[in-house]
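Below is one structure, written out as structure tokens; the observations come after it.
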Amino acid sequence: MSKIVSIDFFSSDALELSKKLLGKIIARKINGKILRFRIVEVEAYLGLNDEACHSHKKNRQRSKSLPMYNRGGFSYVYLIYGIYHCFNVVAAPKGDPQSVLIRAVEPLDKEFELKTNGPGNLCKALGININLNNVDMIKSEEIWIENSDTADEDVIISSKRVNVGNSEDSHKFLRFYIYSNKFVSKIDKKREKYFLSNII
DNA sequence: CCTGCGATCGTCT
DNA sequence: GACGATCGCAGGA
């Protein structure tokens, strides 16, 4: 397992980065111990022209979405419904406010027992809160992304994003998850679409 | 100051 | 499928 420190890797747009992040590892230092989690479900948020995105032109969340304007590789964490947090990996070069929402991860440490299905649950389980907002994950020693040391051959499903309202953009298939992985937050057999297979 | 609301989740019907 | 918990922020008065 090797930490991803390439700015290039994170400079892809959110759509590309979301596919690249599936199967990668989130490493998180908790109580001095490094735990690892495999990313199994993500959503792409495409920035200024994506009506479902916090950084969309007409959105009113300016200050909240400022971390998205950093170059790829930073974190974007925010409080939702006053209770949960959501964790994003910022994508694209500086000034282009795109990000990838991490919606579910699979714990790689057998003894880990907290729920990690869904963006709120995984943030709670990994101790991700507003203190981890706007950190450079290329440099951080608290949270970072790693390559997997095993070649995964997963079938990837795409679907509509969850709970993003009814805009034109909400109908786009910008959610991606690993087929039949039991940590995926929820599935809709009727609407899900086969996307591609044998991703490394 | 006051109001409305959200990239959620567990529980209940 | 519907609902409430709970809170920071933007917008309006």
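On a predicted model such as this, the values are computed, not experimentally measured, just so you know. Computed over heavy atoms, backbone and side chain alike; hydrogens, waters and symmetry mates excluded.
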**Q.** Hydrophobic cluster membership, A:L101 vs A:I80, 4.5 Å side-chain cutoff
**A.** no
Q. Under 4.0 Å: is that the gap between some side-chain N or O of A:R175 and OP1 or OP2 of B:dA7?
A. no
Q. Taking A:E43 as the fixed residue, which of A:R103, A:R161, A:K160 is the one that meets the salt bridge (Lys or Arg N to Asp or Glu O under 4.0 Å) rule?
A. A:R103
Q.
Could you tell me how far apart A:H56 (NE2) and C:dA10 (C1') are, to the nearest whole angstrom?
A. 17 Å
Q | Atom of A:L17, atom of A:V90 and distance for their closest heavy-atom approach | A | CD2-O, 3.9 Å
Q | Closest to the A:Y81 side chain, choosing from B:dA7, C:dG8, B:dT8 | A | B:dT8
Q) A:H54 has an atom NE2; how far is it from atom C1' of B:dA7, in whole Å? A) 5 Å
Q: Name the closest nucleotide to the A:I83 side chain, picking from C:dG8, B:dA7, C:dA5.
A: C:dA5
Q. Rounded to whole angstroms, how far apart are CG on A:N88 and P on B:dT8?
A. 11 Å
Q.
Between A:R36 and A:D149, does any side-chain N to carboxylate O distance fall below 4.0 Å?
A. no
Q: Decide, yes or no, whether a salt bridge links A:R28 with A:E142 under the criterion of side-chain N to carboxylate O below 4.0 Å.
A: yes
**Q.** A:N121, nearest nucleotide to its side chain (from B:dC9, C:dG8, C:dA5)
**A.** B:dC9
Q) Given Watson-Crick or G-U pairs with both distances under 3.5 Å, what dot-bracket string fits DNA chain C, with | for other-strand pairs and [ ] for crossing? A) |||||.||||||.
Q | Electrostatic pair A:K182-A:E106, nearest N-O below 4.0 angstrom | A | no
Q: Select one nucleotide: of B:dG10, C:dC9, B:dT8, the one nearest the side-chain heavy atoms of A:S63.
A: C:dC9
Q: Nearest whole angstrom, please: distance from the C1' of C:dG4 to the CD1 of A:I80.
A: 15 Å
Q.
Please give the distance between the P atoms of C:dA5 and B:dT13 as a whole number of Å.
A. 16 Å
